[in-house]
Amino acid sequence: MGSAPKVTVKLSPGLTKKIGALKTEIVNEEFAQIVGSGILNAAKRLIASGTSPVRGFGRFAQYKDSKSYPAGKKSATPVNLSLTGTMLSHLNYRRNQNKIEFGILPDAPNKVKVIARVHNTGERADIPQRQFIPKDGQEFVPSIQALIRRLFKERVLRILGVR
Amino acid sequence: MKVTQATGSNSRTTSKIDLELGDVPRDVKNDIIQETGELLVEQILLATAEARSPVVGERFKALSKDYKARKVAQGGQPTPDLELDGAMKDALTFKPTATGLEIGFFGKQAGKADGHNNFSGNSAIPQRRFLPGEGQSFKPEIEGMVQGIIDEKLGEAFEKADFEDVETKAQLYEVLGQYYSGTRSEIRQSAASSSGLLDILIKLDLMELL
């Protein structure tokens with residue numbers, strides 16, 4: 001029911017073998033925290049600005065009739081997927097062995113999972129698709145990819161002992 | 001990265017950017033341009049939503065009391081985020097050019113955009129520039145991300161055969177210098193951005209020379 005796609009950063013087989021030979025874990029708990037929180041913060045900033053953190057989706061669709069929704073309960077622009085903040089408070093990450101999972105995790109309340117799914121899939125005719133969690137085969141936007149790349153580069157260089 | 005031209009009118013308000021890539025394979029260049037264009041669009045949208053300019057030396061003046069009240073009454077934020085109905089920001093895009101890209105507005109939102117950027121010199125509203133003019137630049141954080149894209153993609157242009165005769169550090173850096181520039185330290189940092197390139201160096205046991 002929940003949407004919790006796995007963020008998988010590809011390290012080439014040769015690199016993994018070399019690092020494996022050094023008996024060093026690439027994604028240890030500390031590193032998972034750094035990468036996971038980096039992705040989470042970057043994604044939340046983009047969502048708050050009205051932009052999807054999923055590559056290819058651009059800005060979130062505007063409200064069809066702002067008098068009907070949000071009807072003064074909040075600003076009509078930018079469209080930021082937040083009314084009470086409950087759904088986005090459950091946007092999170094966790095480590096899964098040498099990968100990091102990002103999304104609405106399985107322990108989120110069912111209501112939150114449903115709302116998140118509606119936004120991500122566009123399954124309701126009255127609510128446009130506003131995807132904010134990548135599915136398998138999709139990517140984060142370039143700035144988040146750049147962040148992940150930079151963090152992994154720094155970690156790999158440190159493990160390989162290259163200054 | 002250099003802004004070579006800025007244009008403002010009712011039909012076209014854009015900045016032309018030369019990415020100064022030199023002689024790189026066409027497919028690598030196209031990848032760099034595509035990803036850089038997408039990155040710049042999202043960073044401009046992010047910065048303006050936070051009521052700040054992504055351009056060095058530019059600031060967004062606060063809204064006047066009257067306009068703020070009108071904007072809020074129409075459902076907008078009380079800040080200079082350059083968004084009332086969202087139409088202008090929805091139209092921000094880019095097109096590839098021979099040396100980089102042209103970013104901005106190519107249709108009916110161009111006039112509104114020039115109102116904020118004032119490339120035409122005719123705008124009557126406070127300047128809140130979010131596209132760089134000629135000679136201006138994006139903020140260092142953004143330019144750093146662009147450089148990261150370039151470094152990673154350039155690494156993909158190398159092949160194993162490029163390094164097969166390398167035996168010394170000098171020879172390694174000569175090969176890397178085909179696409180990377182700067183001091184050895186800068187080249188090392190650039191090369192480390194490409195896991196594909198690192199993989200080649202590991203397979204050929206050249207990491208110690210890096």
Side-chain angles (χ1 to χ4, degrees), chain A residues 9-19 21 42 45-63 66-67 69-80 139-158 160-163, chain B residues 34-50 71-79 81-87 89-93 141-142 144-149 151-152 185 188-205 207-208 210:
Chain A
V9 178
K10 294 175 195 169
L11 286 182
S12 59
L15 252 183
T16 309
K17 197 171 163 188
K18 173 84 171 184
I19 290 170
R45 271 182 80 202
L46 282 163
I47 292 167
S49 78
T51 305
S52 172
V54 184
R55 192 175 186 188
F57 284 83
R59 296 241 301 161
F60 291 133
Q62 301 297 328
Y63 297 120
S66 61
K67 287 189 175 118
Y69 185 90
K73 290 177 201 162
K74 63 167 195 167
S75 294
T77 57
V79 174
N80 59 11
E139 293 178 313
F140 283 111
V141 291
S143 65
I144 295 180
Q145 290 190 56
L147 170 68
I148 297 169
R149 256 198 314 266
R150 180 176 61 77
L151 292 172
F152 266 84
K153 175 188 100 172
E154 287 168 1
R155 174 125 180 97
V156 165
L157 285 179
R158 196 157 46 243
L160 290 173
V162 176
R163 298 262 173 271
Chain B
Q34 179 64 33
E35 198 160 323
T36 298
E38 290 178 40
L39 178 101
L40 292 177
V41 167
E42 52 145 300
Q43 290 297 300
I44 289 170
L45 293 174
L46 184 63
T48 54
E50 295 174 351
K71 191 171 179 233
V72 169
Q74 290 178 62
Q77 296 283 344
T79 55
D81 62 355
L82 312 187
E83 179 162 14
L84 190 56
D85 59 15
K89 284 192 177 181
D90 285 349
L92 177 62
T93 187
E141 182 191 30
I142 296 173
M145 284 190 251
V146 171
Q147 192 57 50
I149 290 171
D151 287 344
E152 195 220 6
S185 175
R188 184 183 309 122
Q189 289 292 321
S190 296
S193 295
S194 170
S195 63
L197 175 55
L198 289 182
D199 193 36
I200 292 174
L201 297 181
I202 287 171
K203 280 190 175 121
L204 295 173
D205 212 14
M207 281 299 290
E208 284 157 1
L210 188 62

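The model shown is predicted, which means the values in this text are computed figures rather than measured ones.
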No-hydrogen, no-angle side-chain donor-acceptor test under 3.5 Å, A/Thr77 and B/Glu83:
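No pair is found: no donor N or O on one side chain lies under 3.5 Å from an acceptor on the other.
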Considering only heavy atoms and a distance below 4.5 Å, find which of B/Gln74, B/Met207, B/Glu152, B/Met145 pairs most often with chain A.
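Ranked by contacts with chain A, first place is B/Glu152.
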Looking at B/Gly144, B/Ser193, B/Ser185, B/Ala49, which one has more heavy-atom pairs under 4.5 Å with chain A than the rest?
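Looking at each option in turn, the highest pair count goes to B/Ser193.
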Within residues 49-59 of chain A, residues adjacent to chain B where the heavy-atom gap is under 4.5 Å
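From residues 49-59 of chain A, the residues near chain B are A/Ser49, A/Thr51, A/Arg55, A/Arg59.
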Any sub-3.5 Å donor-acceptor pair from [X]'s side-chain atoms to [Y]'s backbone N or O?
X        : Y        : value
B/Lys71  : B/Thr79  : yes
A/Lys153 : B/Ser194 : no
A/Gln145 : A/Phe140 : yes

When rounded to the nearest 0.5 angstrom, what is the spacing between OG1 in B/Thr48 and CD in B/Gln43?
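CD of B/Gln43 is found 10.5 Å from OG1 of B/Thr48.
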Can you tell me how far the CG atom of B/Leu39 sits from the CD1 atom of B/Ile44, to the nearest 0.5 Å?
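Reported to 0.5 Å precision, the distance equals 9.5 Å.
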Under 4.5 Å from any heavy atom of chain B, what part of A/Arg150 do you find: side chain, backbone, both or neither?
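When you check distances to chain B, no heavy atom of A/Arg150 falls under 4.5 Å.
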Contacting moiety of [X], where chain A heavy atoms sit under 4.5 Å:
X        : answer
B/Glu50  : side chain
B/Leu92  : neither
B/Asp151 : neither

Of the listed residues (A/Ser75, A/Ser66, A/Gly72, A/Pro70), which shares the most heavy-atom pairs with chain B below a 4.5 Å separation?
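Highest number of heavy-atom pairs under 4.5 Å: A/Ser75.
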Would you name the heavy atoms of B/Ala192 and B/Leu198 that are closest together and state the gap between them?
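B/Ala192 and B/Leu198 have their closest heavy atoms at O-CD1, 3.8 Å.
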Measure the shortest side-chain to side-chain distance between A/Leu46 and B/Glu42 over non-hydrogen atoms and say whether it is less than 4.5 angstrom.
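They are in contact (side-chain heavy atoms under 4.5 Å apart), so the answer is yes.
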Considering residues at least two apart in sequence or located in another chain, which fulfil the side-chain contact (heavy atoms from CB on, under 4.5 Å) criterion with B/Pro78?
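B/Pro78 satisfies side-chain contact (heavy atoms from CB on, under 4.5 Å) with B/Lys68, B/Val72 only.
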